[in-house]
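Comments concern the structure below.
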Amino acid sequence: MLAETKKKIGKTILKNTAAFAFAVVAVTLLSAVFGQENSLPVVGIVVALMLYPSLDLGVYDLRMAVVLALMLPLIGFTSVFALSGLWVGMAVNFFMVLLILALTTEPLLYRPSLPLMLCYVFAQGAPVKTPEAFSMRMACMAVGGVLVFAATFLAWRKKHKELPRHGLKQQMTLSLRHKSYVLRMALGIMIAGMIGEIFGLKKSMWISVVVLSLTQIDIKTTRQRIKYRVIASIVGVFLFLLFCQYLIPQKYVFIFIIFLGYLSSFVKEYKYAQVLNTINALNANLVLFDTQEAIGNRFLLLAVGIAIVLLLFFADKVFRRMMAVHRGIRPEQTKVQEQETGTQGFSAVRTG
């Protein structure tokens with residue numbers, strides 16, 4: 001029993017170490033080729049490379065692999081186009097997120113939309129402003145699309161030979177069953193971008209990251225995540241100040257951050273992972289802010305992101321009650337439905 005446990009732990013360590021090494025090497029190489037201004041989108045591409053080959057999305061392999069390959073250049077283009085003006089940005093953000101989620105919300109268990117959503121949010125968080133930089137961004141996303149296509153199609157081809165498949169139309173039908181979730185996410189990312197544009201916030205990308213993380217199918221999970229994220233941010237700030245500002249000499253902080261990145265590969269629980277994410281994010285923000293400003297900015301953007309998520313849940317609840325009244329459903333029946341199904345208010349809109 002003990003020997004079996006040790007063997008299992010050893011396999012986990014080897015697997016996580018190999019995955020972390022691959023991620024570091026891939027991000028380093030692609031960033032070196034396409035420039036540091038593309039390092040954030042590269043992170044999203046590498047997440048896609050590591051996640052999609054291991055998933056079964058249920059769609060015909062070649063069709064879905066082609067969709068993933070085409071989505072990355074489209075994300076590269078629209079993420080830049082969305083920054084061309086307030087109203088254009090609002091429309092582009094809404095419909096692009098809607099498209100991503102329509103294709104990849106299901107199967108919910110695996111969260112297959114995450115890599116594409118990260119690519120989109122991270123690409124907006126590292127804007128390009130010259131034709132040369134835009135060309136490099138598009139080349140980066142196109143190469144990323146080819147790599148993701150090759151990795152996923154080859155892996156899926158071996159794994160899914162005898163498994164039942166469905167088409168893209170059915171995939172979109174399955175994903176759009178979760179209308180409330182899809183609309184709240186699309187509206188949340190749109191509002192986050194709008195606020196960043198209006199107030200000219202530095203690193204407003206982190207509002208979108210908060211919205212992406214906290215917007216869930218049901219309100220219970222969201223409330224739990226909000227609590228964990230706030231507590232983790234406070235703990236993360238304390239540990240950041242303790243280790244990165246006081247205990248560890250500045251020349252060794254980079255090594256400490258790399259170690260935390262490696263450690264995060266073993267941390268699966270959301271509340272603990274967010275502590276490590278806070279430390280890493282604060283260290284990255286020191287490029288633009290001093291320590292006090294970085295901490296203040298972190299909490300400000302966190303609060304704005306939480307407010308957006310809760311506002312949309314409230315709007316969803318009001319909409320649900322209005323639809324219930326319109327259909328002649330008693331309030332107590334609506335409450336029971338909420339408890340059984342979570343927040344599905346926007347999904348009360350019928351299609352077809």
Side-chain angles (χ1 to χ4, degrees), residues 7-57 61 64-73 75-76 100 104 107 109-123 125-126 136-137 139-160 209 212-213 253-270 272-277 279-281 283-284:
K7 188 177 180 180
K8 187 177 179 180
I9 293 173
K11 285 184 177 180
T12 301
I13 292 174
L14 286 174
K15 180 182 176 181
N16 289 359
T17 302
F20 178 75
F22 171 80
V24 170
V25 171
V27 169
T28 302
L29 287 177
L30 289 173
S31 297
V33 172
F34 296 106
Q36 287 302 310
E37 66 272 14
N38 289 307
S39 58
L40 278 176
V42 160
V43 170
I45 292 170
V46 173
V47 171
L49 278 171
M50 297 177 69
L51 183 65
Y52 284 130
S54 64
L55 298 185
D56 179 13
L57 303 185
D61 297 339
M64 196 64 199
V66 169
V67 165
L68 295 177
L70 294 176
M71 285 299 291
L72 288 175
I75 284 171
I100 292 172
T104 58
L109 179 64
Y110 303 136
R111 296 197 69 192
S113 62
L114 184 60
L116 294 182
M117 287 298 299
L118 282 177
C119 277
Y120 187 68
V121 171
F122 284 172
M136 191 62 77
R137 171 64 54 84
C140 174
M141 301 305 280
V143 170
V146 171
L147 292 175
V148 170
F149 171 82
T152 52
F153 182 62
L154 291 175
W156 289 347
R157 198 176 177 185
K158 293 179 181 179
K159 294 178 181 178
H160 305 159
V209 171
L212 176 60
S213 174
V253 167
F254 177 73
I255 297 174
F256 176 68
I257 295 298
I258 293 294
F259 170 73
L260 289 183
Y262 175 68
L263 188 63
S264 66
S265 65
F266 295 91
V267 179
K268 304 303 179 184
E269 285 196 56
Y270 183 82
Y272 301 125
Q274 289 309 309
V275 174
L276 301 179
N277 289 344
I279 298 172
N280 287 328
N283 184 71

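Numbering starts at 1 and runs along the sequence shown. In what follows, every heavy atom counts, from backbone to side chain, and hydrogens, waters and symmetry copies are set aside. Model, not experiment: these values are computed from the prediction.
Of all heavy-atom pairs between Ser265 and Asn16, the closest is O-ND2, 3.1 Å. Scanning all heavy atoms of the two residues, the minimum distance from Val42 to Val27 falls at CG1-CA, 3.7 Å.
By the 4.5 Å heavy-atom criterion applied to side chains, Gln274 and Asn277 are counted as neighbours. Side-chain contact between Leu114 and Val47: absent, with no pair of heavy atoms (C-beta onward) separated by less than 4.5 Å. A 4.5 Å side-chain heavy-atom check between Tyr52 and Leu116 finds at least one atom pair inside the cut-off. Taking the side chain as every heavy atom from C-beta outward, Leu118 and Leu212 approach each other to under 4.5 Å. Residues Val143 and Phe34 form a side-chain contact, since some pair of their non-hydrogen atoms from C-beta on lies under 4.5 Å apart. The closest side-chain heavy-atom distance from Leu51 to Tyr110 is not below 4.5 Å. The closest side-chain heavy-atom distance from Lys158 to Asp61 is not below 4.5 Å. Side-chain contact between Asn38 and Ser31: absent, with no pair of heavy atoms (C-beta onward) separated by less than 4.5 Å.
A distance-only check finds no donor-acceptor pair linking the side chain of Arg137 to the backbone of Pro41 [under 3.5 Å]. Without hydrogens or angle criteria, Lys159 side chain to Pro53 main chain gives a donor-acceptor distance under 3.5 Å.
For the residue pair Tyr262 and Thr17, a side-chain donor N or O sits within less than 3.5 Å of a side-chain acceptor on the partner.
Between Phe149 and Phe153, the angle of the ring planes stays under 30°, which puts this pair in the parallel group of the 30/60° scheme.
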